[in-house]
Amino acid sequence: MTLSNTNTPQDSQLGRRSAYVDQYDASLLFPIARATQREAMGIGAGALPFFGADLWTAFELSWLNARGKPQLAIAHFTVPCETPNIIESKSFKLYLNSFNSTVFASLDAVRERLRADLSEAAWRGSDRSASVGVRLVAPDAFDQEPVHELDGLNLDRLEIECTHYQPAPELLSARFEEPPVNETLSSRLLKSNCLVTGQPDWGSVQIRYSGAPIDQAGLLAYIVSFRNHNEFHEPCAERIFNDIWLRCRPNKLAVYARYTRRGGLDINPFRTSWPQALPANIRTARQ
């Protein structure tokens, strides 16, 4: 299958019966251009208003060693938000499944194969290129994988009335007449739906900012307003960032969304207005 960077979500394997491929096949990867959904938010093709990356975790990765014995690993992937494409998640799962009955000489060989294929797909159609980060955790280190809830003041403590279930940026406001603050806020009530299948995507979100105090009740109602919204994880996080950035005008802003895994994969976008280290690749209890 020959792919270009003009793939649309409707062209993918989402919502379709798919053959199970257990021999390595990089052509299963299905990149989708980020530009379409960014343009719909008013984010143009020029310099992005944020930095960041999409942090993926694959809990179902296996291959065979030279003697045919199955090997296991947890894989962490870092896809820079500057890449022109996201990789559609079902195609990612099918691609990883294609390792199941394939022989690789070592864990390092698997890592390098993943890095090469994912980097090519993420940058396909661009005159730029860079490497997607790949880290493999062997079974003897599984119990060292951290599980930690997102830090921050829990917005879910607030008793609010919710009436909006499509993104409603008008719910956002800040008290510009008050002194600036530095706050970290979090919620477990983020939910959106797959753009193609409509299946639910459950998540948590952390918002760190400095600037005029953001109205917390309005912010929680805004997070809840994604409940019936159909969009992939990555643009959901970018929409949250963009709406807060425009409506509340913070001096600094970082948005980190951690979604519950489906089919052995989770996708966790991080967007920030200033260069900084990426969040630790943790799992929340719900994952």
Side-chain angles (χ1 to χ4, degrees), residues 1 3-22 24-38 52-62 73-81 83-100 113-115 117-124 132-136 190-205 226 229-240 256-271 281 283-284 286-287:
M1 177 169 59
L3 301 178
S4 71
N5 66 329
T6 59
N7 293 324
T8 68
Q10 290 72 25
D11 297 326
S12 75
Q13 290 296 318
L14 280 171
R16 302 179 186 179
R17 187 181 297 274
S18 302
Y20 175 77
V21 178
D22 65 356
Y24 167 73
D25 185 356
S27 73
L28 292 166
L29 290 170
F30 191 87
I32 297 174
R34 296 183 190 265
T36 302
Q37 289 176 295
R38 284 177 173 171
D54 306 321
L55 309 177
W56 295 62
T57 312
F59 295 91
E60 300 173 4
L61 175 62
S62 183
I74 294 173
H76 294 294
F77 305 103
T78 302
V79 183
C81 69
T83 60
N85 307 315
I86 64 172
I87 299 172
E88 186 276 310
S89 62
K90 184 175 181 180
S91 81
F92 206 152
K93 296 166 193 171
L94 293 171
Y95 164 74
L96 293 177
N97 281 341
S98 80
F99 284 59
N100 289 352
R113 186 70 271 154
L114 289 165
R115 179 179 288 118
D117 292 344
L118 296 170
S119 299
E120 188 282 325
W123 288 97
R124 189 175 299 168
V132 167
V134 179
R135 180 170 66 89
L136 299 187
L190 177 62
K191 174 193 169 290
S192 54
N193 302 318
C194 173
L195 178 64
V196 177
T197 67
Q199 292 296 304
D201 294 320
W202 303 93
S204 300
V205 63
F226 279 74
H229 180 58
N230 293 349
E231 198 165 48
F232 291 140
H233 300 60
E234 299 93 336
C236 277
E238 293 181 358
R239 186 179 297 275
I240 292 170
Y256 185 29
R258 289 206 64 92
Y259 279 90
T260 302
R261 70 179 181 258
R262 285 203 286 131
L265 276 175
D266 65 33
I267 311 170
N268 310 292
F270 174 69
R271 302 294 184 266
N281 208 336
R283 292 179 290 138
T284 66
R286 287 178 61 190
Q287 290 176 301

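The shown structure was predicted, so the numbers you read here are calculated from the model rather than taken from an experiment.
Not a single side-chain hydrogen bond (donor to acceptor under 3.5 Å, both in side chains) links Lys93 to another residue, sequence neighbours left out.
Side-chain atoms of Thr57 do not come within 3.5 Å of backbone N or O of His76 as any donor-acceptor pair. Looking at Ser98, its side chain does come within 3.5 Å of a backbone N or O of Asp25 through a donor-acceptor pair. Proximity of a side-chain donor or acceptor of Asn268 to a complementary backbone N or O of Tyr259 within less than 3.5 Å is detected. With hydrogens and angles disregarded, no donor-acceptor distance shorter than 3.5 Å links the side chain of Asn97 to the backbone of Asp22. Using a distance-only test at 3.5 Å, with no hydrogens or angles considered, a donor-acceptor pair links the side chain of Ser91 to the main chain of Phe30. One N or O on the side chain of Thr83 and one on the backbone of Pro80 form a donor-acceptor pair closer than 3.5 Å.
Using a cutoff of 4.0 Å between basic side-chain nitrogens and carboxylate oxygens, Arg261 and Asp201 are not scored as salt-bridged. Using a cut-off of 4.0 Å between Lys/Arg side-chain N and Asp/Glu carboxylate O, Arg38 and Glu238 are scored as salt-bridged.
Partner of Leu55 under the side chain to side chain contact (heavy atoms under 4.5 Å, CB included) criterion, chosen from Asp266, Ile267, Val79, Thr78: Thr78.
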Check against side chain to side chain contact (heavy atoms under 4.5 Å, CB included), Trp56 and Ser89: CA-CA 10 Å; Trp56 295 62; Ser89 62; 4.1 Å; yes
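In this structure, CZ in Phe270 is found 11.5 Å from CG in Asp54, a value given to the nearest 0.5 Å. Expressed to the nearest 0.5 Å, how far CZ of Phe59 lies from CG of Leu265 amounts to 9.0 Å. For the atom pair CG (Asn193) and CG (Asn230), the distance works out to 5.0 Å, reported to the nearest 0.5 Å. Here the CZ atom belonging to Arg239 is positioned 4.0 Å from the CD atom belonging to Glu231, to the nearest 0.5 angstrom. Here the SG-CD distance, from Cys194 to Gln199, works out to 8.0 Å after rounding to the nearest 0.5 Å.
With a 6.0 Å cutoff to the six-membered ring centre and a 45° limit on the axis angle, Arg271 does not count as a cation-pi contact of Tyr256.
Aromatic pair Phe77/Phe92: centroids less than 6.0 angstrom apart.
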